[in-house]
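Heads up: the structure comes next, in structure tokens.
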Amino acid sequence: MAVLEMAAPRLAASPGGLSPTFYARQLLWLLLLGAVLWWLEAGTRLDITLAQWFFDPLSQRFPLQHNLWLEWLNHRLPKYALIAASGGLALRAIRQREARLGYAVLVMWLATLAVSLLKAHSAHSCPWDLQAFGGSGEWFALFGAVAANPGPGQCFPGGHASGGFALLALFFYWRPHAPRRARQAAVAALALGLLMGLGQMARGAHFLSHNLWSGWVVWLVAVLLFAAFDLGRAATTAKSAGQLPGISGA
């Protein structure tokens with residue numbers, strides 16, 4: 001056993017980073033949440049029920065689909081504000097030469113990009129394109145066989161909500177040195193993502209599950225990328241200190 005421990009030493013968190021145990025717990029929570037989200041979509045009618053709240057069966061349309069106030073206050077302005085905020089954080093990271101902050105901004109951009117790529121290749125259509133809500137496409141289960149007439153697709157996961165959820169990257173940025181601020185960032189990311197997603201639900205642009213899975217994807221990307229960042233730095237630190245196999249302490 002002692003030989004095995006010498007051959008595969010445990011990596012501690014790098015200075016200013018998070019430990020492998022922390023990231024293992026994050027992945028476990030992601031697995032559990034994924035199971036819950038799958039059950040909500042496959043085992044309940046929550047998506048359809050909530051969409052019906054915003055749908056007018058008489059006119060066969062979503063009355064708020066083209067609402068100017070909703071379009072600006074919930075769709076355009078938050079998106080522009082988040083783009084400006086991430087740009088400001090990037091400039092601050094460059095000026096202060098703060099690698100972890102710069103990496104957090106990169107994670108925000110890559111997480112939203114991941115959601116956008118999944119959305120662009122999705123066969124699932126938006127509520128307003130489905131037969132149940134005045135469209136022509138057929139509904140089918142999230143991980144089920146694609147319907148014969150799925151509609152235009154490109155609607156899963158929710159792209160707009162991912163901008164709000166992307167603030168979760170700041171949780172991983174602050175977590176090593178400011179846990180309270182990190183929790184506040186996580187709450188803000190969750191609240192903003194859900195609020196932005198709710199606006200899209202009211203317009204008929206997304207189901208609830210589209211937005212929740214968007215948050216899940218953002219969280220997964222943030223965990224994987226920050227784990228690579230922290231564990232990579234920890235390995236580099238251990239190597240420079242002579243703690244890896246074949247490296248002397250001299």
Notebook entry, point to check: Step by step, would you call Leu33 with Leu212 a side chain to side chain contact (heavy atoms under 4.5 Å, CB included)?
Noted result: CA-CA 10 Å; Leu33 178 59; Leu212 295 181; over 6 Å; no
Note to self: Quick one, Glu71 with His66, criterion side chain to side chain contact (heavy atoms under 4.5 Å, CB included). Give me CA distance, side-chain angles, the key distance, then yes/no.
What the structure shows: CA-CA 7 Å; Glu71 169 69 17; His66 302 294; over 6 Å; no
Next item on the list: For side chain to side chain contact (heavy atoms under 4.5 Å, CB included), just list the numbers for Tyr173 and Arg100, CA-CA rounded to whole Å, side-chain angles, deciding distance to a tenth of an Å, and then say yes or no.
Entry: CA-CA 6 Å; Tyr173 163 64; Arg100 192 175 187 86; 3.8 Å; yes
Notebook entry, point to check: When you look at Val187 and Arg183, which way does the side chain to side chain contact (heavy atoms under 4.5 Å, CB included) test go after all the steps?
Noted result: CA-CA 6 Å; Val187 171; Arg183 290 191 294 270; 5.6 Å; no
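Although no hydrogens or angles enter the test, the distance criterion places no donor-acceptor pair under 3.5 Å between the side chain of Gln96 and the main chain of Ala93. Ser162 places no side-chain N or O within donor-acceptor distance of the main-chain N or O of Ser214, the cut-off being under 3.5 Å. Side chain of Gln65 to main chain of Arg203: no donor-acceptor pair is present (N/O by atom type, distance under 3.5 Å, no hydrogens or angles). Side-chain atoms of Ser122 do not come within 3.5 Å of backbone N or O of Gln154 as any donor-acceptor pair.
Note: Trp216 and Trp213 meet the aromatic proximity criterion, with ring centroids under 6.0 Å apart. Here the two rings, on His206 and Phe156, have centers that are 6.0 Å apart or farther. Residues Tyr103 and Phe226 place their aromatic rings such that the two centres sit under 6.0 Å apart.
Using a 30° and 60° split on the angle between ring planes, His124 and Phe140 fall in the parallel class, below 30°.
We find the OH-CG distance between Tyr23 and Leu18 to be 4.0 Å, quoted to the nearest 0.5 Å. Rounding to the nearest 0.5 angstrom, the gap separating the NE2 atom in His210 from the CG atom in Leu142 is 7.0 Å. Between Leu190 atom CG and Leu195 atom CG the span is 11.0 Å, to the nearest 0.5 Å. Note that CZ of Arg61 and CZ of Phe133 are 14.5 Å apart. Values are rounded to the nearest 0.5 Å. For the atom pair Arg180 CZ and Arg175 CZ, the distance stands at 14.5 Å (nearest 0.5 Å). One distance of note links CD1 of Ile94 with CG of Leu89; it measures 11.0 Å at 0.5 Å rounding.
If you chain together hydrophobic residues whose side chains sit under 4.5 Å apart, Phe165 and Val221 fall into the same group. In the hydrophobic clustering of this structure, Trp219 groups with Trp39; members are Ile, Leu, Val, Met, Phe, Trp, Tyr whose side-chain heavy atoms approach within less than 4.5 Å, directly or through other members. If you chain together hydrophobic residues whose side chains sit under 4.5 Å apart, Val218 and Leu224 fall into the same group. Linking ILVMFWY side-chain heavy atoms closer than 4.5 Å, directly or via other members, places Trp38 and Leu220 in a single hydrophobic cluster. Residues Leu77 and Met196 do not share a hydrophobic cluster, defined by chaining ILVMFWY side chains whose heavy atoms lie under 4.5 Å apart.
Annotation: side chain of Lys119 is not in contact with side chain of His160 (no heavy-atom distance under 4.5 Å). Thr49 has its side chain within reach of Trp53: a pair of non-hydrogen atoms, C-beta onward, lies under 4.5 Å apart. Under the 4.5 Å side-chain criterion, counting only non-hydrogen atoms from C-beta, Glu41 is in contact with Asp47. Between Pro20 and Leu231, the closest side-chain pair of non-hydrogen atoms falls below 4.5 Å. Looking at heavy atoms from C-beta onward, Leu82 lies in side-chain contact with Leu192 at the 4.5 angstrom threshold. Within the 4.5 Å cutoff, no side-chain heavy atoms of His75 are placed close to those of Leu70. Side-chain contact check for Leu130 versus Phe207: some heavy-atom pair is nearer than 4.5 Å.
Minimum interatomic distance between Val107 and Ala169 (heavy atoms only, all atoms of both residues): CG1-CB, 3.9 Å. Val115 and Gly158 get closest at one heavy-atom pair: CG1-O, 3.6 Å. The two residues Ala132 and Phe55 make their nearest non-hydrogen contact at O-CE2, 3.9 Å. Counting all heavy atoms, side chain and backbone alike, Phe172 lies closest to Gln26 at CZ-OE1, 3.5 Å. Heavy atoms only, all atoms of each residue included: Gly204 and Cys126 are closest at O-CB, 4.1 Å. Closest of all the heavy-atom pairs between Ala182 and Phe171 is O-CD1, 3.2 Å.
Side-chain polar atoms of Gln184 and Arg181 form no donor-acceptor pair below 3.5 angstrom.
Surrounding NE2 of His177 are more than 12 heavy atoms belonging to other residues, nucleotides or ligands, all under 6.0 Å away.
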